[in-house]
Amino acid sequence: GSFSSLLGDTRNEVLQERSQNSIKYDGRVARMLDAKERAEEERRATTLLLSDLKFAKVASEKELEAEKRRVQEIRDQEKKDLAAALRAHAELNDAALAASFAAHEA
């Protein structure tokens with residue numbers, strides 16, 4: 001009878017070891033799935049962040065272009081104003097010269 005009880009013990013040990021291995025395996029699979037899910041989440045977050053950054057970059061480039069245009073418009077206006085002022089100054093000078101010339105002739 002001792003042989004069959006020995007066999008029974010061995011069988012129990014094997015079954016116990018199998019169930020422990022199965023639990024370990026399940027645990028490992030669960031951890032792998034967790035890690036995979038976390039990686040997916042991170043990838044999604046990264047994708048969102050990248051699209052936000054692209055959007056921000058495009059927006060800031062547009063703002064920069066608009067700012068350059070505004071500066072250019074101001075410069076153009078200043079040039080026009082300066083040209084107008086110079087013309088007015090020249091006309092005043094011409095008028096003054098003409099007047100003094102006329103006075104001189106008289």
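Numbers here simply count residues along the sequence, with the first being 1.
E67 pairs by the side-chain hydrogen bond (donor to acceptor under 3.5 Å, both in side chains) definition with R70, not counting sequence neighbours. Take Q72 and apply the side-chain hydrogen bond (donor to acceptor under 3.5 Å, both in side chains) test, not counting sequence neighbours, and it matches D76.
Counting side-chain heavy-atom gaps under 4.5 Å among Ile, Leu, Val, Met, Phe, Trp and Tyr, L48 is found in no cluster with other residues.
Annotation: salt bridge (charged side-chain N to carboxylate O under 4.0 Å, His left out) contacts involving residues 83-92, sequence neighbours excluded, are absent. Among residues at least two apart or in separate chains, salt bridge (charged side-chain N to carboxylate O under 4.0 Å, His left out) pairs with a member in residues 29-44 are E40-R43, E40-R44, E41-R44. Within the structure, every pair that satisfies the salt bridge (charged side-chain N to carboxylate O under 4.0 Å, His left out) test and touches residues 47-63, not counting sequence neighbours, is listed here: K57-E61.
Note that CG of N93 is 6.0 Å distant from CG of L97, once rounded to the nearest 0.5 Å. Distance NZ/K24 to CZ/R28: 9.0 Å, rounded to 0.5 Å. Atom CG of L15 is separated from atom OG of S22 by 11.5 Å, given to the nearest 0.5 angstrom.
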>> side chain to side chain contact (heavy atoms under 4.5 Å, CB included) for E78 and I74? Distances and angles first, verdict last.
In response: CA-CA 6 Å; E78 283 172 351; I74 290 168; 3.7 Å; yes
